Undergrad: 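Below is the structure I would like to discuss, written out as structure tokens.
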Amino acid sequence: MAKRMTVKEKERVARILALLDKEYGTDYRCYLEHDSAWQLLIATMLSAQCTDARVNIVTKDLFVKYPSIEAFAKADREELEQDIRSTGFYRNKAKNIIACCQKLLLEFHGEVPSDLESLTSLAGVGRKTANVIRGNIFNEPSIVVDTHVKRISRKLGLTKEKDPEKIEYDLMHVLPKDHWILWNIHIITLGRTICTARSPQCETCFLKDECPAAK
DNA sequence: CTCCCGATAT
DNA sequence: ATATCAGGAG
């Protein structure tokens, strides 16, 4: 995406946002169930290459068995691996969760930090997971580039990049700040229902008139 | 770039 | 059978 948007492109983006707001509302609802910052952090770590529905099934029991950061920090690695097995990548995820929680206790007083640098210094926490925490827990305007945001932002012509960090910067220029957090939720909702990766339903999509890929 | 990996839809 | 799922690290 060019650094400067034309007036017409700004208007198109505004129409897209209005259509999304109209269809899905502007209430922010996180798809990963949690009742604390550290729970959302672990749920998001588990969500790598896994559906949010599966993560919610696993975390329902997981957060009963491990009710605190301390519990995860001293967890038996092989036992935790089995507890989270169905989310995939379970060896990496178990190792990362334990190391992450140990570091939270040792270096962050058991509190989930709010800045990008601290968050991404935690094992298994990359830019995407860090931005989920910043947006959801701390209400910091942040763009989360996951598989749906990547695919659909490119389809809509809002970026031509493939690198998530470059996509993030493009979207920061294209989207008004008050829609940064909402963009993820709306695009994920769209991506799970209409604009799926395997068989997008362009004919019935409410964005088809604004989407270059629908023609 | 590769590897990690089970569950599900197509 | 294969592509895909709220990615991250080496």
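Just so it is clear, the structure is predicted and the values come from calculations on it, not from any experiment. Below, chain A is the first sequence line, B the second, and so on; all start at residue 1.
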Undergrad: Base, sugar-phosphate or nothing for A:I57? Non-hydrogen atoms, less than 4.0 Å.
TA: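 Counting heavy atoms under 4.0 Å across all strands, no contact is made by A:I57.
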Undergrad: For atom C1', what is the distance between C:dG10 and B:dG6, given to the nearest Å?
TA: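 After rounding to an integer number of Å, I get 22 Å for this pair.
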Undergrad: Take atom NZ of A:K128 and atom C1' of C:dA6, then tell me their distance rounded to the nearest Å.
TA: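 Atom-to-atom, A:K128 to C:dA6, this comes out as 3 Å.
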Undergrad: Which residue lies toward the 5' end of DNA chain B, A:T87 or A:S199, if each is placed at its nearest nucleotide?
TA: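 By nearest-heavy-atom nucleotide position, the 5'-most residue is A:T87.
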Undergrad: What does A:V125 touch in the nucleic acid at a heavy-atom separation under 4.0 angstrom: a base, only the sugar-phosphate, or nothing?
TA: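 Contact class for A:V125: sugar-phosphate only.
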Undergrad: Would you name the heavy atoms of A:V125 and A:L41 that are closest together and state the gap between them?
TA: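 Where A:V125 meets A:L41 most closely, the heavy atoms are CG2-CD1, 3.9 Å.
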Undergrad: To the nearest Å, how far apart are A:L32 CG and C:dG7 P?
TA: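 My rounded result for the distance is 10 Å.
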Undergrad: When all nucleic acid strands are considered with a 4.0 Å heavy-atom cut-off, which category describes A:G126: base, sugar-phosphate, or nothing?
TA: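 Sugar-phosphate only.
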Undergrad: Rounded to whole angstrom, note down the C1' distance from B:dC1 over to C:dA6.
TA: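 Looking at atom C1' only, B:dC1 and C:dA6 are 24 Å apart.
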Undergrad: Please walk me through it: do A:K8 and A:R12 pass side chain to side chain contact (heavy atoms under 4.5 Å, CB included)?
TA: CA-CA 6 Å; A:K8 279 197 169 186; A:R12 185 173 72 94; over 6 Å; no
Undergrad: Begin from the C-alpha positions of A:Y169 and A:T159 and carry the test side chain to side chain donor-acceptor pair (under 3.5 Å) through to its verdict.
TA: CA-CA 9 Å; A:Y169 289 131; A:T159 181; over 6 Å; no
Undergrad: If each of A:R91 and A:R54 is mapped to the nucleotide of DNA chain B with the nearest heavy atom, which maps nearer the 5' terminus, i.e. the 5' end?
TA: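 By nearest-heavy-atom nucleotide position, the 5'-most residue is A:R91.
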Undergrad: Check whether any side-chain N or O of A:R192 sits under 4.0 Å from OP1 or OP2 of C:dT4, and answer yes or no.
TA: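 So the side chain of A:R192 is outside the cut-off, no N or O lying under 4.0 Å from OP1 or OP2 of C:dT4.
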Undergrad: Whole angstrom is fine here: how far is it from CD1 in A:I98 over to P in C:dG8?
TA: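 Atom-to-atom, A:I98 to C:dG8, this comes out as 19 Å.
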Undergrad: Would the base of C:dA3 count as contacting A:R198 through its side chain, where contact means a donor and an acceptor less than 3.5 Å apart?
TA: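 Per atom types, the contact qualifies.
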Undergrad: Relative to each other, are the rings of A:H186 and A:Y24 parallel, tilted or perpendicular (30° and 60° limits)?
TA: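 A:H186 vs A:Y24 ring planes: tilted.
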Undergrad: Could you tell me the separation between the CD atom of A:E165 and the P atom of C:dA9, rounded to a whole number of Å?
TA: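 Checked: the CD to P distance equals 13 Å.
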Undergrad: On DNA chain C, compare the nucleotides closest to A:D52 and A:A123; which residue's is nearer the 5' end?
TA: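 Here A:D52 is the residue nearer the 5' end.
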Undergrad: Rounding to a whole Å, what distance do you find between A:I42:CD1 and C:dG8:P?
TA: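 That distance rounds to 15 Å.
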Undergrad: What integer distance in Å separates A:K162:NZ from C:dG7:C1'?
TA: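 So the two atoms are 18 Å apart, to the nearest Å.
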Undergrad: Take A:I98 and A:Q102, measure what side chain to side chain contact (heavy atoms under 4.5 Å, CB included) needs, and give me the verdict at the end.
TA: CA-CA 6 Å; A:I98 291 171; A:Q102 288 176 346; 3.6 Å; yes
Undergrad: Please indicate yes or no: is the ring centre of A:F89 less than 5.5 Å from the centre of the six-membered base ring of B:dC5, with the two planes inclined by under 30 degrees?
TA: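 Stacking is absent between B:dC5 and A:F89, given that the ring centres and planes do not meet under 5.5 Å and under 30°.
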Undergrad: Base, sugar-phosphate, or nothing for A:Y90, non-hydrogen atoms under 4.0 angstrom?
TA: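 The residue A:Y90 makes sugar-phosphate contact but no base contact.
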Undergrad: Quick one: which of C:dC5, B:dA7, C:dG8 gets closest to the side chain of A:R85?
TA: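 So the side chain of A:R85 is nearest to B:dA7.
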Undergrad: Report the C-alpha distance between A:E81 and A:R77 in whole Å, list the side-chain angles of each, state the deciding distance to 0.1 Å, and finish with yes or no for salt bridge (charged side-chain N to carboxylate O under 4.0 Å, His left out).
TA: CA-CA 6 Å; A:E81 283 178 3; A:R77 186 173 55 80; 2.8 Å; yes
Undergrad: What's A:T147 touching, base or sugar-phosphate or nothing? Going by heavy atoms closer than 4.0 Å.
TA: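 Sugar-phosphate, no base atom in range.
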Undergrad: For atom C1', what is the distance between C:dT4 and B:dC4, given to the nearest Å?
TA: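 It comes out at 16 Å once rounded to the nearest Å.
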Undergrad: Please give, in whole Å, the distance from C:dA6 P to A:E33 CD?
TA: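 Those two atoms, CD and P, are 14 Å apart.
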Undergrad: How close or far is atom C1' of C:dA6 from atom CG of A:L190, stated in whole angstroms?
TA: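 One finds 15 Å between C1' of C:dA6 and CG of A:L190, rounded.
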Undergrad: From the set C:dT4, B:dG6, C:dA6, return the single nucleotide nearest to any side-chain atom of A:A197.
TA: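 Comparing C:dT4, B:dG6, C:dA6 against the side chain of A:A197, the answer is C:dT4.
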